[in-house]
Amino acid sequence: MADSAEAHTHRGAEPAYLARLNPEQRRAVETLDGPVLVLAGAGTGKTRVLTARFAHILLSGRAWPGQVLAVTFTNKAAREMAARVAAILDRPAEGLWLGTFHALCARMLRRHAEAVGLKPNFTILDTDDQERLLKQVMEAAGIDHRRWPVRAMMAIIQRFKDRGLTPGRVTPAEDSDFAGGRSVEIYHAYQQRLLAVNAADFGDLLLSMTELLRTQPEVLAEYHRKFRFILVDEYQDTNLVQYLWLRLLAQGSKNICCVGDDDQSIYSWRGAEIENILRFEKDFPGAAIIRLERNYRSTAPILAAASHLIANNEGRLGKTLRPAAAASEGEKLQVISLWDSDEEARTVGARIEQLRREGESLAEMAVLVRAGFQTRAFEERLIAIGIPYRVVGGAKFYERQEIRDAMAYMRVLQQPADDLAFERIINLPRRGIGDTTLRSFHAHARAHAVPLYAAAEALQPAQKGRVREALGELLRNFARWRDQIARDGHVATTAAMLDESGYTEMWKNDKSPEAPGRLENLRELVRALADFDSLGGFLDHVALVMENDEAAEGERVSLMTLHAAKGLEFDTVFLPGWEEGLFPNQRALDEGGARALEEERRLAYVGLTRARRRAIVSSAANRRIYANWQASIPSRFIDELPESEISRIGADSARRQHAAPAPGWFVPGQRPGRLIEAGSDRQGAWEVAPRPARAEALGVGDRVFHQKFGYGRVMLVDGEKVDVRFEKAGEKKLLDRFLDKA
DNA sequence: AGGTTAGTAATTTTT
DNA sequence: TTACTAACCT
């Protein structure tokens with residue numbers, strides 16, 4: 001508030017949003033004319049620059065809010081930018097073209113839908129729908145799905161779209177040899193199907209819009225007139241079609257400002273091309289390049305370690321992070337060698353407990369892993385020792401079954417031609433309409449080139465018995481709901497639809513423990529519906545914007561993948577699993593070679609630079625993968641850390657572990673022996689810990705402790721099998737020898 | 001039509 | 001190990 005008051009009232013003095021910038025940041029904000037690339041290292045105030053620049057454009061009178069196009073990758077980033085711009089302006093910023101690539105393209109495409117063969121109410125398909133549609137296309141083309149998986153074809157199509165290639169633009173050189181060279185044919189058929197069901201997938205939003213700008217000069221000119229300034233966040237993550245889209249739009253004013261960090265490009269596997277940022281000067285002649293290297297986040301040792309590591313990469317524009325404050329002190333990085341993944345989880349858990357005892361906040365600690373499955377071991381350990389945690393980036397709200405079902409109902413209501421949605425709900429709840437019946441609808445739909453819904457209507461009278469009755473009722477209901485929506489509005493109608501269709505009833509009758517939660521989610525969905533003035537607006541929101549409903553707040557440790565951690569920061573960051581094969585990930589290396597290794601290294605860099613004060617890297621000598629144990633060696637990235645900035649813990653014993661054969665070496669499924677930890681007087685000795693037999697039997701009502709599940713109470717004893725109700729993990733049946741009396 | 005079983009595959013995933 | 005899917009049975 002004070003900021004903008006000053007911004008408006010100052011005489012001669014600078015507005016506060018400029019005054020608090022360092023010289024480089026300030027140049028990035030004030031260089032308004034022509035292309036600008038801001039190379040913003042981790043923690044150098046990237047968001048501050050972006051928002052100050054946005055506000056500066058408006059406050060200096062260079063453009064109205066509607067004349068600035070501001071693009072981000074995530075909804076979160078878009079929200080944050082909107083909020084911070086509004087804070088500088090001291091009023092909510094309205095009429096902004098600020099959003100994700102996808103949301104902005106969807107907004108544009110709705111206006112020009114007809115030009116690409118869609119109706120303005122087209123559906124935006126998520127990954128699941130895409131896959132089902134493509135599967136149908138491939139089945140129709142007679143492709144053996146066991147030899148040529150749908151997933152693989154999906155990836156190929158996505159890659160085409162990422163590169164701005166419509167089926168007609170795919171050249172033989174860019175084609176793949178999938179299904180005996182039939183990929184373009186399938187791609188083409190898939191696009192035809194999308195138009196037939198009046199739908200676009202995520203990739204289409206960008207591709208269709210770019211194609212439109214490429215081929216229709218008057219549409220392009222319209223946007224050139226409109227947008228005077230373009231701002232782009234996370235430019236290093238753009239793919240080719242996003243780049244083309246931006247370049248087309250920027251041809252108008254030339255005032256494009258891209259902010260990014262080539263060292264944090266970690267999405268090549270999703271089509272991102274780091275070359276876009278490396279090539280910026282060539283693409284936009286006369287571009288100003290501004291480097292932000294003053295880091296306001298981390299201590300000197302963390303910055304030194306991250307810089308030292310990333311210097312091993314070849315393909316980079318080159319920047320060096322410098323600590324902003326003179327604070328050269330700070331804890332060294334800890335590098336811990338451990339015996340196995342269980343010990344790693346225990347150690348991390350113990351460190352977290354210790355830090356908490358020392359007064360650190362759990363919300364300021366994060367465990368960052370390479371792959372999602374690694375979080376499980378830490379979750380189990382944290383449950384056992386009673387430390388609250390959250391897993392960031394798990395299942396999304398809208399990916400839940402009941403939400404997708406309910407949305408399918410809404411989609412059929414909104415757009416009866418949406419075959420995928422219709423297919424999903426035609427027999428949900430069970431109406432006795434099985435494969436055979438559905439197949440006949442499909443045949444009719446194909447033969448008459450009508451939507452499935454129309455086919456069902458046409459064939460309903462020809463059905464017999466229960467099917468005829470149930471289908472008749474469903475179709476009559478839809479007609480009625482469509483009628484009702486004009487009268488009662490979309491919220492009441494949707495609620496009525498979910499009840500009257502029998503969908504809610506289905507979950508009420510469901511005895512599974514998840515059912516009540518699903519009903520609650522459905523109620524939440526209807527509640528959320530009230531924030532929108534139409535069903536269509538809501539469906540777009542869910543497809544493009546809605547995110548995890550999990551509360552981010554609270555005193556909890558965060559567990560997530562390194563990818564999910566980009567853009568976040570914590571006082572303490574645990575980086576477990578730094579082992580060859582896991583990190584750098586072998587599979588990534590197999591697929592992408594040297595380039596992939598550099599991307600893995602960038603991922604390590606991202607991980608380290610998340611830490612403000614403390615980073616703890618660990619590696620385990622043995623890791624359980626599925627059922628059996630596998631030996632592993634510490635990651636090469638550990639060797640790339642500067643020895644002067646790290647303190648090694650257990651390194652000696654780790655070396656000995658690899659040198660000496662252990663007793664009972666790697667019997668699949670069996671616990672390996674364990675080396676006594678550093679600090680013990682028996683350090684270096686082998687301890688093979690057999691599970692001791694239970695001395696005393698457990699009784700009903702006993703309080704017990706389990707390594708994985710924590711504390712609980714015995715509910716039932718059946719020989720050596722015991723039912724326990726755990727305080728945190730629910731009821732489990734297990735063998736008594738895994739329990740300790742508490 | 002719907003439930004059961006055997007076989008198979010398991011990174012990262014802002015939209 | 002688990003989780004999911006495709007053939008298989010009732």
Side-chain angles (χ1 to χ4, degrees), chain A residues 71-80 99-106 124-128 130-131 135 145-146 149-151 154-155 158 161-162 200-207 233-234 236-239 241-242 264-272 368-377 392-396 398-399 427 430-439 465-467 470 540-548 560-568 577 581-592 596 599-600 602-603 606-607 623-629 668-669:
Chain A
V71 198
T72 64
F73 272 86
T74 66
N75 293 298
K76 199 175 147 205
R79 264 201 320 270
E80 191 181 342
T100 63
F101 277 100
H102 297 268
L104 291 167
C105 280
I124 298 167
L125 297 188
D126 64 22
T127 325
D128 220 68
Q130 288 171 46
E131 208 174 308
K135 193 175 169 192
H145 62 272
R146 297 167 76 178
V150 177
R151 283 291 180 92
M154 265 245 300
Q158 269 167 14
K161 292 184 176 180
D162 287 342
D201 65 25
F202 284 129
D204 283 334
L205 298 174
L206 263 304
L207 180 66
D233 191 14
E234 306 276 21
Q236 77 283 353
D237 288 334
T238 50
N239 60 34
V241 72
Q242 287 161 339
Q264 294 188 64
S265 167
I266 55 176
Y267 282 105
S268 74
W269 49 274
R270 270 183 102 257
L368 310 182
V369 296
R370 177 61 179 83
F373 72 84
Q374 290 172 261
T375 58
R376 236 182 72 186
V392 178
K396 309 270 193 305
Y398 61 83
E399 281 167 4
N427 199 32
R430 297 261 143 85
R431 297 184 174 93
I433 300 165
D435 266 2
T436 325
T437 318
L438 195 58
R439 244 195 299 274
R466 238 185 33 238
V467 177
D540 263 15
H541 172 81
V542 178
L544 291 167
V545 180
M546 201 147 171
E547 14 211 333
N548 237 340
M560 68 189 98
T561 64
L562 288 160
H563 284 90
K566 198 171 80 164
L568 305 176
L582 186 61
F583 188 45
N585 186 274
Q586 192 53 52
R587 201 152 152 169
L589 262 36
D590 290 346
E591 280 166 25
E599 180 147 323
E600 295 287 303
R602 290 194 289 270
L603 209 42
V606 167
R623 189 164 290 275
R624 187 167 39 198
I625 308 262
Y626 311 127
N628 41 8
W629 289 90

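What's counted below: heavy atoms across the whole structure, side chains too, no hydrogens, waters or symmetry copies. Just so we're on the same page: letters track the sequence lines, and every chain starts at 1.
- Under the side-chain contact (heavy atoms from CB on, under 4.5 Å) rule, A/His102 has a single partner from A/Asp204, A/Val71, A/Asn75, A/Leu206, which is A/Leu206.
- Taking side-chain N and O atoms only, A/Asn75 has a distance below 4.0 Å to OP1 or OP2 of B/dT15.
- If you check every strand for non-hydrogen atoms under 4.0 Å, A/Glu591 touches a base.
- C/dA3 and B/dT12 are spaced 15 Å apart, taking the P atom of each and rounding to whole Å.
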Can you tabulate the close N/O pairs, meaning under 3.5 Å, that link protein atoms to atoms of nucleotides 8-10 of chain B?
unit_1: B/dA10; atom_1: N9; unit_2: A/Tyr626; atom_2: OH; d: 3.4

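- Side-chain atoms of A/Arg624 and base atoms of C/dT1 include no donor and acceptor less than 3.5 Å apart.
- When heavy atoms are screened at a 4.0 angstrom cut-off, A/Ala371 is found touching the sugar-phosphate backbone but no base atom.
- The base of B/dT11 is not paired with the side chain of A/Arg370 by any donor and acceptor separated by under 3.5 Å.
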For this session: Kindly determine whether A/Met560 and A/Thr375 satisfy side-chain contact (heavy atoms from CB on, under 4.5 Å), including the steps that lead there.
Result: CA-CA 7 Å; A/Met560 68 189 98; A/Thr375 58; over 6 Å; no
Between protein and nucleotides 8-10 of chain C, what N or O pairs are separated by less than 3.5 Å?
none

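- Taking the P atom of each, C/dC4 and B/dT11 are spaced 13 Å apart, rounded to whole Å.
- Counting heavy atoms from C-beta on, the side chains of A/Leu582 and A/Arg623 come closer than 4.5 Å.
- Atom P of nucleotide B/dT13 and atom CD1 of A/Ile266 are separated by 9 Å, given to the nearest angstrom.
- Side chain of A/His563, nearest nucleotide from B/dT13, B/dT15, B/dT11: B/dT13.
- No side-chain heavy atom of A/His541 sits less than 4.5 Å from a side-chain heavy atom of A/Leu544.
- In this structure, A/Lys566 atom NZ and B/dT14 atom P are separated by 12 Å, rounded to whole Å.
- An aromatic stack links A/Trp269 and the base of B/dT12, using centre distance under 5.5 Å and interplanar angle under 30°.
- Going from atom CD of A/Gln130 over to atom P of B/dT15 covers 14 Å, rounded to whole Å.
- Summarising the geometry, the separation between CZ on A/Arg151 and C1' on C/dT5 is reported as 12 Å, rounded to the nearest angstrom.
- B/dT11 atom P lies 15 Å from atom CG of A/Leu562, rounded to whole Å.
- Contact annotation for A/Lys135: backbone-only contact, meaning every heavy-atom pair under 4.0 Å involves sugar-phosphate atoms and none involves a base.
- In terms of phosphate contacts, A/Thr561 brings a side-chain nitrogen or oxygen within less than 4.0 Å of OP1 or OP2 of B/dT13.
- The existence of a salt bridge linking A/Arg270 and A/Asp237 is excluded, since no basic side-chain nitrogen approaches an acidic carboxylate oxygen closer than 4.0 Å.
- Looking only at distances, a side-chain donor or acceptor of A/Asn239 sits under 3.5 Å from a matching main-chain atom of A/Gln242.
- A donor and an acceptor atom, one from each side chain of A/Gln130 and A/Asp126, are nowhere located under 3.5 Å apart.
- Rounded to whole angstrom, the span from the CG atom of A/Asp540 across to the P atom of B/dT15 amounts to 14 Å.
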Exercise. How does protein contact run along nucleotides 1-6 of chain B, one letter per nucleotide 5' to 3', with B for base contact, S for sugar-phosphate only, - for none, heavy atoms under 4.0 Å?
Worked result: SSS---
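- Contact of the A/Met154 side chain with the A/Lys135 side chain is not registered, since no non-hydrogen atoms from C-beta on lie closer than 4.5 Å.
- Comparing A/Thr127 and A/Leu603, the nucleotide of DNA chain B nearest to each residue sits closer to the 5' end for A/Leu603.
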Exercise. Between A/Thr72 and A/Glu234, is a side-chain contact (heavy atoms from CB on, under 4.5 Å) present by the stated rule, with each step listed?
Worked result: CA-CA 7 Å; A/Thr72 64; A/Glu234 306 276 21; over 6 Å; no
Problem set entry | Derivation of the side-chain contact (heavy atoms from CB on, under 4.5 Å) call for A/Trp269 and A/Glu599 | CA-CA 10 Å; A/Trp269 49 274; A/Glu599 180 147 323; 3.5 Å; yes
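- If you take CD of A/Gln158 and P of B/dT15, they are 14 Å apart, rounded to a whole angstrom.
- A/Tyr267 comes within contact range of at least one nucleobase, with a heavy-atom separation under 4.0 Å.
- When heavy atoms are screened at a 4.0 angstrom cut-off, A/Gly372 is found touching the sugar-phosphate backbone but no base atom.
- Listed nucleotides B/dT11, B/dT14, C/dA6 differ in distance to A/Arg270; the shortest reach to its side chain belongs to B/dT14.
- Taking the side chain as every heavy atom from C-beta outward, A/Ile124 and A/Asp540 approach each other to under 4.5 Å.
- Following rounding to the nearest Å, A/Glu599 (CD) and B/dT11 (P) show an atom-to-atom distance of 17 Å.
- At least one donor-acceptor pair under 3.5 Å links the side chain of A/Gln374 to the backbone N or O of A/Ala371.
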For this session: Please report the C-alpha distance between A/Phe583 and A/Val369 in whole Å, then the side-chain angles of each, then the deciding distance to 0.1 Å, and finally whether the side-chain contact (heavy atoms from CB on, under 4.5 Å) criterion is met.
Result: CA-CA 9 Å; A/Phe583 188 45; A/Val369 296; over 6 Å; no
